[in-house]
Amino acid sequence: MREEMARREAAELLRGHRKPRSPHGWGLLVALWLLAFYEPVVTEGHLRRKNLEFIFIRFSAWEFEGCDKLWAGLVTTLCQNIRQHFGALPLSVFHVLGSRPRFASGFSQREWILKKGRCLQLWGLLLVLAVGIAILLVALLVPGIKDHHALKVVGSAVASLSGSSLVLGALSILKNFLVSEKKKIERLTNSDRFAGQLGFMSKIRGEVEVLVDFLAFMEVFERRRLRVVLEITSLDLCYPEKVAGVFNAMATLLSDANAPFIFVLAVDPSVIVPCLEQTGCMKGLADNGYLYLNRAVTLPFSIPEMGARSRLRSVEAAIQTREDLMYRIIAGNVAKTRGAGAAPAARPGWKEVDSEAVPWIHEAFRCLHDGSDVLCRYLPENGANVRRIVNTVPITLRLLLHRAAGAAGGGEVAEILCPRAAAAWVVLADRWPGRLSWTLQCLEDAGHAPASPGFFGKSLWSIFQEHAGELSALRQPLGKVLSLDADAELFQDFLARDFPFSAAEARRLLGVTVNLDHSIRHQMGLLRALGRI
């Protein structure tokens, strides 16, 4: 959108049109003069303008989750950002003196028409004020007239009445300058009578209409079209009632056909649809949340399936967030080695494990980011899941090395898996938490019984196959858990062909698995125990 903005701006300048202006610096004085004494006109030339400016506003619904009315947070965010973009003074003056542009009659190219009525009012007030002051000065200073008390009263009354009108206008501008639209709406929502205010929505609507009129005025002033783009995120983290409230606020803002608003709604429909269906906004739509979304969204865009290159870029972006931490550890280790000298032999602690873990973490990240490695085929498309994997791999490797160091300090021999295998285990736990938890629970239950020779050499896939029928019988109570899993065929390819973890390796890795909800496994163990009664 920014590129389109720049392209259209350059094209308009090449056509010989006048350069756009902004309400800052000298442009602020021009804008205030036009606000006070001129009325904007939408001409044919303005309608043909192709250049535009997008005003981007980000609204994270989660930040306003604690509000009684989430949609009020949306409106206050809109008002606050527009106020910050154009400045508080032009908006305050527009509240008192501004007017919405009117359409030109015919093909006139005049964009500004003098407000003759306001000019006459102002000159009349100034004239009356001057006359009143003159009468008052004559009554006070001219000899022989000083004793006429009535003349003093008339002069002071005329001056006071005319001056008070000017002072009231200035005070109104000052009030709007000090009390923003955001504060006005917050004051209404915090009122004890908020629940019973039937005219509350009309007041909110009035504030929004002033903003729309102000934006229309600034379009003519800046010589370009203006569009306010509201990016709404984190809505799928809120309660159902708050979700419905945001949709109602969007409908209120878009009710005007000429409203300069564009909403970019970044949500997961599988989460939003049940929220909408739980609220009362679905009456008359056969309780179909997808039908409601189809009517509310005018340009649906579903993110297509992520390709291999996009996944690798997502992994690279997530890995870069860990670079500072790892280089800080390396620099600290170098400084410690140069300054401290040789340390006495002791059981290695967390600092020593960190220094050993850095090359392991680098190797694991290299495997995740290597397009030729089969592991990248199983990476998730969701950026949040990718970041979870990238954040979990260093912790898992440090825990593995710490356990190995502890076993070596205790005289035991511990086998350490390679970084690639540890990264693959983290991916397995993230992509298939339900099926992996079931396999680990079956492995744990089998460990309580006398183990047959070679049991811990069996692969996890063979253990899953042995108990797949029992899992199928528990599909109803475990439906929500199993819905977290990715493609079942990919799970088979992962464990049966590409990463055939053994039962012994799984037992060793279970103690350092931090990205798997162990309550899922406990629930499965309880269901298995109840099934044997």
Problem - Ion pair Glu4/Arg7, N-O distance below 4.0 Å - result: yes
Problem - Minimum heavy-atom distance Cys376-Gly371, with the two atoms named - result: SG-O, 3.6 Å
Handout entry: Residues that Glu363 engages under side-chain hydrogen bond (donor to acceptor under 3.5 Å, both in side chains), provided they are two or more places apart
Key = Arg366
Practice task
Using side-chain hydrogen bond (donor to acceptor under 3.5 Å, both in side chains) as the criterion, list what pairs up with Thr392, not counting sequence neighbours.
Solution key: none
Exercise for the section: Would you mind reporting whether Val481 and Arg521 have side-chain heavy atoms less than 4.5 Å apart? Expected result: no
Practice task
Sort out for me which residue in Trp438, Trp432, Phe499 forms a ring-ring contact (aromatic ring centres under 6.0 Å, His included) with Phe491.
Solution key: Trp432
Completion exercise
Note: Leu368 and Ile389 closest approach over all heavy atoms is CD1-CG2, 4.3 Å
Problem - Distance, nearest 0.5 Å, that separates OG1 of Thr439 from CG of Leu460 - result: 6.0 Å
Problem - Value rounded to 0.5 Å, distance of CE in Met524 from OG in Ser437 - result: 5.5 Å
Exercise for the section: Check the surroundings of atom CZ in Arg497: do more than 12 heavy atoms from other residues, nucleotides or ligands lie under 6.0 Å from it? Expected result: yes
Completion exercise
Sequence neighbours excluded, the answer for side-chain hydrogen bond (donor to acceptor under 3.5 Å, both in side chains) partners of Ser22 is none
Problem - Residues Arg49, Glu219: salt bridge by 4.0 Å N-O rule - result: no
Practice task
Look at Arg224 together with Glu12 and state whether they make a salt bridge at an N to O cut-off of under 4.0 Å.
Solution key: no
Handout entry: Check ion pair Glu470-Arg528 (N to O, under 4.0 angstrom)
Key = yes
Problem - Greater than 12 external heavy atoms within 6.0 Å of Arg58's CZ - result: no
